Chemist: 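Please find one structure pasted underneath; my questions will follow.
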Amino acid sequence: MSDYYWFEGIPFPKLGFGKEIIKEIRHKFVIRDEDTIILAYPKSGTNWLIETVCLIQKKGNPEWVQSVPVWDRSPWIETEVGYQTLINKKGPRMITSHLPLHLFPRSFFSSKAKVIYVIRNPRDALVSGYFFWSETKFAKNPESMKTHFESFLKGNVPYGSWFEHTRGWLSMRESENFLLLCYEDLKKDPRRSIEKICDFLGKKLDPEELDMVLKYSSFHVMKENKMSNFSLINEDMVNEGFVFMRKGTTGDWKNHFTEEQVEAFDKVFQENMAGFPPGLFPWE
Ligand code: PPS
């Protein structure tokens, strides 16, 4: 079990991460106009979105997603391996990140690179994170759901506060190189979300190709795909019993929160997100 790298008050995972990278990435890394960036607060559907975008790029052909691990197709910019892979890669890149806006490479803000930001009910991201951080060695293992819940509200979890992360990236929501998606919408009407991504990326898929994207990005197919289900992860990084593709549902928080926690969460959500139109957060 590793603890955290603290940087500017935000805890980052230690295993596979370099403090220097986190520190310098915003000044050093050059984002290119042709890059496509997948961004999310941890446990919000990042990998689902990567899979979907990879399939869209290949017009539904699953060969790429079935032969190359997800972390090589769209490396995490802030990890040691991901950073090296990306700086050495020529041509258009797919880049993944969980970084908050203020730590993301500055070069992005004067580029035409496209960002897709996916949000998920933070209550579900909290629960998903509890299992993920408990079953992996990237960062401190939570002691219990109770302590994890308290840490989440304070932003003392990997990548910091959901509220700050979301407020930061949502400030870009009117930019034309920014697409906002929501895990809950992807669940309810995945075809519609895929069409939105195609429009945003300027990709034209015929209905059969779209059906293939839908099929190969579905939870059950991804769960069986060893290039996407994290079964190829180095075993030094995970604890026994680790399952990445856990439930893939909405509203699992209702199985875990106590009544007091439901109230405490609502209060903090209101305090932090009151200025945004409620329609931006289409979850129960
Ligand atoms: S990470 O580790 O932060 O990059 O995790 P991330 O990919 O953001 O989120 C993991 C959760 O997304 C679920 N998932 C999916 N749900 C529905 N459909 C598909 N295809 C899919 N792929 C991944 C995954 O199961 C995690 O959620 P939980 O609630 O833990 O199941």
Side-chain angles (χ1 to χ4, degrees), residues 11-13 15-17 37-56 62 65-66 69-79 82 94-100 116-139 142 145 148 152 157-160 162 165-166 169 181-191 193-194 197 212-233 237-238 241-257 283:
F12 286 96
L15 194 63
F17 289 70
I37 303 154
I38 308 286
L39 249 155
Y41 184 82
K43 314 319 292 179
S44 301
T46 325
N47 287 268
W48 188 9
L49 188 56
I50 299 173
E51 200 82 343
T52 305
V53 173
C54 289
L55 286 160
I56 290 174
V65 302
Q66 289 176 346
V70 61
W71 50 77
D72 288 335
R73 280 180 265 132
S74 187
W76 270 255
I77 196 173
E78 63 270 20
T79 62
M94 276 184 64
I95 299 176
T96 304
S97 183
H98 293 313
L99 285 172
I116 309 178
Y117 185 57
V118 60
I119 56 172
R120 183 185 195 183
N121 187 337
R123 300 163 185 85
D124 282 331
L126 181 160
V127 170
S128 178
Y130 170 72
F131 291 100
F132 184 80
W133 304 116
S134 300
E135 292 168 6
T136 55
K137 298 190 166 96
F138 295 111
M145 181 64 95
H148 179 69
F152 187 97
V157 286
Y159 291 91
W162 180 92
H165 201 282
T166 307
W169 281 107
L181 293 177
C182 181
Y183 182 99
E184 288 71 17
D185 290 339
L186 269 156
K187 281 298 290 188
K188 214 187 284 169
D189 190 352
R191 182 176 284 270
S193 294
I194 293 171
I197 302 172
M212 299 277 274
V213 175
L214 262 173
K215 173 178 166 186
Y216 289 106
S217 62
S218 70
F219 183 82
H220 298 288
V221 174
M222 271 183 73
K223 195 174 167 73
E224 297 308 314
N225 179 2
K226 63 181 192 303
M227 297 295 155
S228 311
N229 64 12
F230 280 69
S231 57
L232 295 179
I233 197 167
M237 296 188 167
V238 295
F242 167 68
V243 179
F244 180 77
M245 301 289 294
R246 196 183 60 93
K247 281 193 172 176
T249 56
T250 58
D252 191 33
W253 62 273
K254 293 175 193 163
N255 301 317
H256 295 277
F257 283 19
W283 49 66

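This one's a predicted model, so the numbers in the text were calculated from it and none came from an experiment. Each ligand, and each atom within it, is numbered from 1 in the order the structure gives. One is the number of the first residue; the rest follow in order along the sequence.
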Chemist: Going by salt bridge (charged side-chain N to carboxylate O under 4.0 Å, His left out), name the residues that satisfy it together with Glu51, two or more places apart in sequence or in a different chain.
Modeler: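 Salt bridge (charged side-chain N to carboxylate O under 4.0 Å, His left out) check on Glu51 returns Arg73.
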
Chemist: Quick one: sort the Trp169 and Tyr117 rings into parallel, tilted or perpendicular, breaks at 30° and 60°.
Modeler: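 The arrangement is tilted - the two ring planes meet at 30° to 60°.
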
Chemist: Using the six-membered ring wherever Trp is involved, compare the ring planes of Phe131 and His256 and label them parallel, tilted or perpendicular (cut-offs 30° and 60°).
Modeler: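 Correct class here is perpendicular.
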
Chemist: Only counting residues at least two apart or in another chain, list the ones meeting salt bridge (charged side-chain N to carboxylate O under 4.0 Å, His left out) with Arg123.
Modeler: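 Expected list: Asp266.
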
Chemist: Is the shortest side-chain heavy-atom distance between His98 and Pro158 below 4.5 Å?
Modeler: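 The answer is no, as the side chains (C-beta and beyond) never meet within the 4.5 Å cut-off.
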
Chemist: Distance under 4.0 Å, heavy atoms only, partner ligand 1: which residues pass?
Modeler: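 The answer is Pro42, Lys43, Ser44, Gly45, Thr46, Asn47, Trp48, Trp76, His98, Arg120, Ser128, Phe132, Tyr183, Ser217, Ser218, Phe219, Met222, Phe244, Met245, Arg246, Lys247, Gly248, counting any residue whose heavy atom sits under 4.0 Å from ligand 1.
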
Chemist: Taking only residues two or more places apart in sequence, or in another chain, which ones meet Lys254 in a salt bridge (charged side-chain N to carboxylate O under 4.0 Å, His left out)?
Modeler: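 Only Glu284 meet the salt bridge (charged side-chain N to carboxylate O under 4.0 Å, His left out) criterion with Lys254.
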
